[in-house]
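What follows is a short report on a single structure.
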Amino acid sequence: MVPAGGVFNFNEAIGSISPENGFKEALVISEGRTVMGVGGGVCQVSTTAFRALYQAGLPILERNQHAYRVRWYDPIVGYDAAVYQPYLNLRAANDTPGPIVVRTSFTRSSLTVQLYGLPDGRKVTVSKPVILARTPHPPPQYIVDPSLRPGQIKQVDWAVDGFRTRITRTILWPDGRVSTDVLNSNFRPWRAVYLVGPQTPIPGDAVASRNP
């Protein structure tokens, strides 16, 4: 429950992301790679919460994009919210006349975030994303991993182009005022990464390195 004039703080709401609190390992973005880490998948929850908060017309105090375009948040490009404790958070202000209850429900295949509060007559429209620029992804990287068999190849990261996007939110207030704000995202181009066993042929246009 977020009181009137209060702030919804995602990281405070979910608590410490740790094995002790029941969080499991899944894919996370860390130090320029997609790797396994505790709390992987939490950003699916923060992104769903962000969309509910944004579509309700609440002021967004902190929102961070992902390093690259994560395809399972498509087809709305640039409508995501990354969290990474303690550095990245999602925060929104409650500027409505009363408290807001943030309630979640889930099934095996879906997550829903609902907001309950006192309506103040605002009407919110969120535009489709506009692609401002697109940057091709770099060539793949092949890393020799002695733990693999000769000739064996294992993909551990996936290529995606870079994008600059913009989403516009328009709020119509009961007194006739219209306010707008924009949500800008700048996703980095991301290369595919493969681990390869010794003596595996490397394509000529690829980047080759050795796993330390």
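The first residue of the sequence shown is numbered 1, and numbering continues consecutively from there. Everything numeric here is computed off the predicted structure, so don't read it as measured data.
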- In terms of heavy-atom contacts, T112 and Q114 come closest through CG2-CG, 3.8 Å
- Going through the checks in order, is the side chain to side chain contact (heavy atoms under 4.5 Å, CB included) test met by Q65 and T165? CA-CA 11 Å; Q65 63 178 47; T165 66; over 6 Å; no
- I29 side, atom CD1; R188 side, atom CZ - distance, nearest 0.5 Å: 9.0 Å
- Query: Is I76 reachable from L183 through a run of hydrophobic residues whose side-chain heavy atoms are each under 4.5 Å from the next?
  - Reply: yes
- Message: In terms of relative ring orientation, are Y79 and Y54 parallel, tilted or perpendicular, with 30° and 60° separating the classes?
- Response: perpendicular
- Donor-acceptor side-chain pairing of R63 and S46 below 3.5 angstrom: no
- F187: what forms a ring-ring contact (aromatic ring centres under 6.0 Å, His included) with it, not counting sequence neighbours? none
- Query: Can a donor-acceptor pair be found between the side chains of N184 and R166 at a distance below 3.5 Å?
  - Reply: yes
- Task: Kindly check if the number of other-residue, nucleotide or ligand heavy atoms within 6.0 Å of CZ (R149) is above 12?
- Result: no
- Nearest non-hydrogen partners of F23 and S16, listed with the distance: CE1-O, 3.3 Å
- Message: Are the side chains of M36 and L27 in contact, using a 4.5 Å heavy-atom criterion?
- Response: yes
- Message: For W173 and S179, which I'm curious about, is there any donor-acceptor pair between the side chains at under 3.5 Å?
- Response: yes
- To the nearest 0.5 Å, atom NE2 of H66 lies from atom CG of N64 at 9.5 Å
- Query: Are V77 and V160 in one and the same hydrophobic cluster, where Ile, Leu, Val, Met, Phe, Trp and Tyr link if side-chain heavy atoms are under 4.5 Å apart?
  - Reply: no
- Item | Closest approach of A67 to W190 (non-hydrogen atoms, all atoms of both residues) | CB-CZ3, 4.0 Å
- Task: Could you check if a side-chain atom of R191 sits within less than 4.5 angstrom of a side-chain atom of D157, using non-hydrogen atoms only?
- Result: no
- Quick check: does any side chain N or O of N94 sit under 3.5 Å from a backbone N or O of P3, one acting as donor and the other as acceptor? yes
- When rounded to the nearest 0.5 angstrom, what is the spacing between CG in L58 and CZ in F50? 11.0 Å
- Message: Measuring only between side-chain heavy atoms, which start at C-beta, is V156 closer than 4.5 Å to V193?
- Response: yes
- Message: Test your reading of the model: is there a side-chain donor-acceptor pair from D161 to the backbone of R134, 3.5 Å cut-off?
- Response: no
- Query: Out of curiosity, L132 CG to N186 CG, how far, rounded to the nearest 0.5 Å?
  - Reply: 9.5 Å
- Message: Looking at T47, is its backbone amide N or carbonyl O close enough to the side chain of D80 to form a donor-acceptor pair, meaning the two atoms are under 3.5 Å apart?
- Response: no
- Output the distance between atom CZ (R91) and atom CG (N11), rounded to the nearest 0.5 Å. 10.0 Å
- Task: Report yes if some heavy atom in the side chain of V42 is under 4.5 Å from a heavy atom in the side chain of I14; otherwise report no.
- Result: yes
- Item | Transitive ILVMFWY side-chain link F10 to V38, under 4.5 Å | yes
- Can E62 and N89 be counted as having a side-chain donor-acceptor contact under 3.5 angstrom? no
- Task: Kindly state whether the ring of Y68 and the ring of H137 have centres lying under 6.0 angstrom apart.
- Result: no
- Task: Consider only side-chain heavy atoms of I, L, V, M, F, W and Y, link residues closer than 4.5 Å, and tell whether V113 and L53 are in one cluster.
- Result: yes
- Task: Check the angle between the aromatic planes of Y87 and Y84 and answer parallel, tilted or perpendicular using the 30° and 60° thresholds.
- Result: parallel
- Item | P189 side chain near P136 side chain, heavy-atom distance below 4.5 Å | no
- Are L111 and V83 connected, step by step, through hydrophobic side chains (Ile, Leu, Val, Met, Phe, Trp, Tyr) whose heavy atoms are closer than 4.5 Å? yes
- Note on the structure: Interatomic distance, CG@D120 vs OG1@T96, rounded to 0.5 Å, equals 6.5 Å
- Here the pair of heavy atoms bringing G98 nearest to L118 is CA-CD1, 3.8 Å
- Query: Is there a side-chain contact between V28 and V35, using heavy atoms and a 4.5 Å cut-off?
  - Reply: yes
- Any side-chain heavy atom of R51 sitting closer than 4.5 Å to one from V126? no
